[in-house]
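Encoded as structure tokens, the structure appears first; notes follow it.
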Amino acid sequence: MACSIVQFCHFQDLQAARDFLFPHLRADTPGCAVRRDPSKSTNWEDDGWGAWEETEPQEPEEEGSTCKTQKTSWLQDCVLSLSPTNDLMVIAREQKAVFLVPKWKYSDKGKEEMQFAVSWSGSLNVEEGEYVTSALCIPLASQKRSSTGRPDWTCIVVGFTSGYVRFYTESGVLLLAQLLNEDPVLQLKCRTYEIPRHPGVTEQNEELSILYPAAIVTIDGFSLFQSLRACRNQVAKAAASGNENIQPPPLAYKKWGLQDIDTIIDHASIGIMTLSPFDQMKTASNIGGFNAAIKNSPPAMSQYITVGSNPFTGFFYALEGSTQPLLSHVALAVASKLTSALFNAASGWLGWKSKHEEETVQKQKPKLEPATPLAVRQVRRAPLTGQFGLPDSRRHGESICLSPCNTLAAVTDDFGRVILLDVARGIAIRMWKGYRDAQTGWTQVVEDLHERVPERGDPSRFGGAQGPGRVAQFLVIYAPRRGILEVWGAQQGPRVAAFNVGKHCRLLYPGYKIMGLNNVTSQSWQPQTYQICLVDPVSGSVKTVTVPFHLALSDKKSERAKDMHLVKKLAALLKAKPPALDLVETEIKELILDIKYPATKKQALESVLACDRLPFSCLRNITQTLLDALKNQELESVDEGLLQFCANKLKLLHLYESVSQLNALDFHSDTPCSDNDLAALLRLDEKELLKLQALLEKYRQENTRAVVRFSDEKDGVLPVKTFLEYLEYEKDAINIRKISEEEYVSLGSFFFWKCLHGESSTEDVCRTLGSAGLSPQLLLSLLLSVWLSKEKDILDKPQSVRCLHTMLSVLSRMKVAIDDAWDSQSVSPWWQQMRTACVQAENNGAALLAALVGHCVAMQTSSTVAERKVVLGADSEALSDSWEALSLDTEYWKLLLQQLEDCVVLQTLLHSGAHVRPYCLSSPQAEPVPRLSVKRLLEGGKGGIADSVAKWVFKQDLSPEVLKLANTEGDAETADEPNSGLHGGLSEAPAAETDPGATPGLLHAAYRQFPCSLEPDVLHAHCCWESVVQWNRDPEEARFFMRSIEHLKHILNGHVQNGLALMMWNTFVVKRFSAAAYLMDKVGKSPKDRLCRRDVGMSDTALTSFLGSCLDLLQTLMEADVSRDEMQVPVLGTEDAWQAVEGPVSIVELALDQKRTHYPLVEHHSVLCSVLYAVMRFSLKAVKPLSLFDSKGKNAFFKDLTSIQLLPSGEIDPDFLSVRQQFLLKVISAAVHAQHSVAKDRDSEDAPSTAFGKDQDWPVLAVDLAHHLQVSEDVVRRHYVGELYTHGADHLAEEAILQVHDKEVLASQLLVLAGQRLAHALLRTQSKEGMELLARLSPTLCTWLKAMDPQDLQNTEVPIAMTAKLVNKVMELLPENHGQFSLALHLTEAVEAISLPAL
């Protein structure tokens, strides 16, 4: 119980607050680079601070050192205030301020802690050029009945250089502002109500004091409290009504003018003090003589202390109320409005006189009240206690800090001294040297009455245990030059603690609590207030100092200090290496017996029992010795709590010893049981046993995981220290503390691990544990925790099943395990506890074995109870009731066994194939599949099972064809081997680990176990949804979305398919789809990667694939809308074992609840999707997709697909038709170009054609688009034929000609192509043969050929024979009466002339 410094709060991002208050220290400022934590972002730019750019240039030579110093000491230049209730902190500098409030958040280590976060920030100045000089955070008490005495809200009081004092709410709303003096505000101090500790202590009123360079203004706390509450209500009403012009009434205050003093830096308001009658008469006789008149009641005075220079410390007194002054020789002054008389006196023996004449109060503004002067005057022989000052011409005071009980004050000066003042006598009673720039504070500690337990022979040692608790005060000094925080006992106490805290901290001592309390409300609720706090800007933490009361007691009179010395000596002895255990044991006994306080004795014994260096025998002997010593004391002086504590610890030590001895015995069970013995034990026939063995063998093979085991790690071994930490004794029964699951298993292993392996006697262990006070229910819980957590070891040792059977039988026979009086018609709580543990277990193999053993033991126990009733003469009706209860319990066991068997099959599937293609798995696929339990499946809803399998399918990257194949092959195997069961798949278990082809077998086993939950449509629906969810997390993985569409297409029922597709569209697709449409329409082409990532959230490549998948989704949605009319709504079933399933609605149920889509609207979106896909697929330019549609079409886009929208119909504007036709022709050209504009060599030609084969059939899609866009389909087909001939794909063009209707127009177009080819062959080659042939041609043909432009040809390397075939095709298509028929005839002759030499 030593003094400690405790961190109770942390700053979320203090560096951001520093950057706001000191813009030149920002991280991006040159020369002042500070590394900021990237995980902490505040986004404070949105709060309207607007001062990030206010950086001042610095000289290069001073820049580095100045920044380095300011970055660590910046908090010293700020105005800092913390509410005593720790609900608000204010950091201000110049005109800016930051308000921080504490919030519970998780730290980087995952521990929940309180962190200060910014609630408001901005500028507080109203007038130009005014700065913040002082601030206070004052919590105001609540007036509600339910929260009387508790803090309601916190008011921030801020003083400015302009003389204004402004009051704000926690959100920065200005409540009240008043100009009290034209000089700058130097300091704000507050005093709140405190209950007087003694009847003679004067009750102090609440007060807010404001210090100016030559005046002190005081505001009564009660009136201030009422005014602030009224202003807050008015501001709230004005904000609700929108009226901002609120003029609050001015505050009533007193202003005292401070005279005869050079400089004032700080002040302290002591409060009201009353002289004793003796001091009153003594003062009157010394000053007024023996004829002085004395009134019966002494006057009440308010005392103020100032620190500064000349004098170093000044004491001022003001007579309260209308009481007239009694001393005529004292300077008096009466305020006109407040009728208060004031006087001040200074002692003459100090030998100093006033150097200044009385200064007149300067005229203020008309609204300002004049100050009532308080003068410091010299009075000879002034013996009145408290009328003293401390003059020191060279010493300048810097701060004063008043103690909580208003009796002492700590003053700091510029000489590096800390002076302790006696406020009542006005003298310095202590001085500390070497504390330059020191910051001081106080902490008050109340004695704990529970520690004042009288020892033997002295029952009234502390005046009775019911007496009032004593109060101790400690002075806390922070020396920033040395970076040390010290705690000193007041008044003449020693230094009790010292801490190294850093050189840049701030010590905060509010000196007040909650305003608005009185002697009634202050007793209703005691708020947790921090008397003193240390803010460390380097670590970003807020700490408080905790001082125990006993440190205030002297060593000679404090037995607590002696006890603590013995405890420290004991701790050092336990840490040291013991030379001899017997000597150490003797010394420990002596130390513990010498300790007087019972609480300290308990602490010492706890430290001994927590030591892992001492052997068990030593711990037992020490505890026994202390217990014997307590029993030998007188009954009145013995602490019952300590006696009970020792007795309980000794019982636990005896239990540990007994269990350790039983585990150490050389005990071996019988020979391992055979399969027949195991079948008889579990009441299974041979076929059922083989099925169970095959099931568990496959589960063990697929579920094996690497477990790290250390060489010194042994099951069943538990240190005695840990054993005592886990258990506790209460009311003659042993209970387990709140420990973790791993610790719970360790305790269970210590008790039962040897028994489960047949290496310890089960009966002896259970009897020992039962006699020690452990309940059978607790033992059953420990046993099951060990069994269910050690699954791997249990499956490797089948004989452990027999040991579990024996232990359950023994535990069931213990008293209060199975109550004989429980209702025979209800379920046994004992077995229900075991079933609950199996339901919650994630190791399903061990849970299945435990349930089998529990079922057998339950049947055996019930039969024994029934036979006992028959022997005792129970009638047949009672026997019938017993069998009814047995049948009810048996049904629960059968249900649990079926559920666990299903879980084992499902778990085997989910943990199989984890090695398949690890190199191609993405991060979502690499995530481990969570372990299952019956409870998790029951709480997962009807789709929980299918959802688990869908996650596994996604993780394994299985295609829908694999799922279909598993279902088909499984049906064939079932027809061939109807009775094979799960045992038939055991031979393939090793293959499942190395061959992915074993996956369909495991899938079929799951299909057979869950015929309803894993119905093909249900599984495909969940796989579809899982894939699209994973794609939404990472849109760059386009294959996830494509796989989702594949699963969607495999759903046979149109109702499910339609609803699921609609859910996918509304949840994941439409938002990105609309963003892509607007982006492409804005840029008028396929957007770049940067724009795609910014607006759509994916790259340009992923966007192309996304639009293609969207087209498939919309087409599937239309097909499902048509097919659902021919199908009935499916009925979703559930297996009998899972009828009690609860939880969220399954995906299939949600899909069936969807409304039917509006087919024309879906088709309308499909057209837009095709347009967008074509633009991205072929990187088309000068295309605005939305411009292809009129206003009706644009308004219908991205609306709910189930709604009926007004779609385009009737005649279309020719301008729209022209734009649409140009777009479709661009698509045809780009598609043919993408297919045929490749390198001429065949090797490079194959790859793009294969890739294009997986793409859309763009010519067909373009014709379909032409139909929907009301463009002539024949124009598109003719253009397609022309593009094929242009690229030299004559064989494909000849097939496409068959679909063209207007052959005559097509022939004219092809004639031009033939002419271009012939012109290229004759005019571009410039060969001799070509020139001769050209000379033989007719002039008309020559002129026409020269007008042709071969550059339009994409493939000029076309054989002349193919050109001749093209010309012949033109001749076939042109009628003889056509105007170009003769030209085609001449062209035929020319082509034949060119081709003859080649023949």
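Heads up: numbering here begins at 1 and tracks the sequence. Only a predicted model underlies this, so the values are computations on that prediction, with no experimental measurement involved.
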What's the spacing between N735 CG and E730 CD if we round to 0.5 Å? 5.0 Å

If you measure from CD on E585 to CG on L619, what distance do you get to the nearest 0.5 Å? 9.0 Å

Would you check if L574 and V584 make a side-chain contact, meaning some heavy-atom pair closer than 4.5 Å? no

Decide yes or no on side-chain contact (heavy atoms from CB on, under 4.5 Å) for F116 and L14, but give the supporting numbers first. CA-CA 9 Å; F116 273 114; L14 187 60; over 6 Å; no

Could you check if a side-chain atom of L534 sits within less than 4.5 angstrom of a side-chain atom of V542, using non-hydrogen atoms only? no

Set out, in order, the CA-CA distance, both residues' side-chain angles and the distance that settles side-chain contact (heavy atoms from CB on, under 4.5 Å) for T443 and V545, then state yes or no. CA-CA 8 Å; T443 179; V545 180; 5.6 Å; no

So, for P480 and Y478, which heavy atoms are closest and what is the spacing to 0.1 Å? CD-O, 3.2 Å

Taking every heavy atom of D422 against every heavy atom of L408, the minimum-distance pair comes out as CA-CD2, 4.3 Å

Taking side-chain contact (heavy atoms from CB on, under 4.5 Å) as the criterion, tell me which of L783, L774, V786, T768 meets it with F751. L774

For P598, does its backbone N or O pair with a side-chain atom of D639 as donor and acceptor, under 3.5 Å? no

Going by distance alone, is a donor N or O of one side chain under 3.5 Å from an acceptor N or O of the other, for S781 and Y744? yes

Is a donor on one side and an acceptor on the other found under 3.5 Å between the side chain of T192 and the backbone of K513? yes

Qualifying side chain to side chain donor-acceptor pair (under 3.5 Å) pairs with a residue from residues 483-497, counting only residues at least two apart or across chains: Y435-E486, E486-W488, E486-R495

Using atom types as modelled and distance alone, determine if a side-chain donor or acceptor of S607 lies under 3.5 Å from a backbone N or O of A604. yes

Contact check, side chains of L769 and F752, non-hydrogen atoms, under 4.5 Å: yes

Check: H10 side chain, S539 main-chain N or O, donor-acceptor pair, under 3.5 Å: yes

Taking all non-hydrogen atoms of both residues, which atom of L507 and which atom of Q439 are closest, and how far apart? N-OE1, 2.7 Å

Rounded to the nearest 0.5 Å, what separates atom NZ in K543 from atom SG in C533? 12.5 Å

Would you call D628 and K631 a salt bridge, taking side-chain N to carboxylate O under 4.0 Å as the test? no

Test side-chain contact (heavy atoms from CB on, under 4.5 Å) on D793 and W753 and set out the steps. CA-CA 11 Å; D793 298 327; W753 185 249; 3.8 Å; yes

Are L551 and C3 side-chain neighbours, meaning at least one heavy-atom pair lies under 4.5 Å? yes

Look up atom CH2 in W432 and atom OG1 in T412, then write down how far apart they are to the nearest 0.5 Å. 12.5 Å

When you measure from the side chain of Q531 to the backbone N and O of Q444, does any donor-acceptor pair fall under 3.5 Å? yes

Judged by atom type as modelled, is there a donor-acceptor pair below 3.5 Å linking the side chain of Q473 to the main-chain atoms of S403? no

Can you check side-chain contact (heavy atoms from CB on, under 4.5 Å) on I429 and L421, steps first, answer last? CA-CA 6 Å; I429 58 178; L421 297 181; over 6 Å; no

Angle between ring planes, Y656 versus F750, binned at 30° and 60°: parallel, tilted or perpendicular? parallel

Keeping R737 on the side-chain end and E725 on the backbone end, is there a donor-acceptor pair under 3.5 Å? yes

Is any side-chain heavy atom of V765 less than 4.5 Å from a side-chain heavy atom of K754? no

When rounded to the nearest 0.5 angstrom, what distance separates CD1 in I588 from CG in L614? 5.0 Å

Contact check, side chains of C766 and L779, non-hydrogen atoms, under 4.5 Å: no

For a quick test of reading the model, state the closest non-hydrogen atom pair linking L778 to I734 and the distance between them. CD2-O, 3.6 Å

Looking only at heavy atoms, what is the nearest atom pair of L82 and Y512, with distance? O-OH, 4.4 Å

Please examine the side chains of K790 and S749, heavy atoms only from C-beta on, and report whether any two atoms are closer than 4.5 Å. yes

R470 (side chain) donor-acceptor with F549 (main chain) under 3.5 angstrom: no

I'd like to check T546 versus I5 (side-chain heavy atoms, cut-off strictly below 4.5 Å). Are they in contact? no

Under 3.5 Å: donor-acceptor pair, side chain of D536, backbone of S541: no

SG of C505 to CG of L75, rounded to nearest 0.5 Å, is 8.5 Å

Taking all non-hydrogen atoms of both residues, which atom of A490 and which atom of W442 are closest, and how far apart? CB-CZ3, 3.9 Å

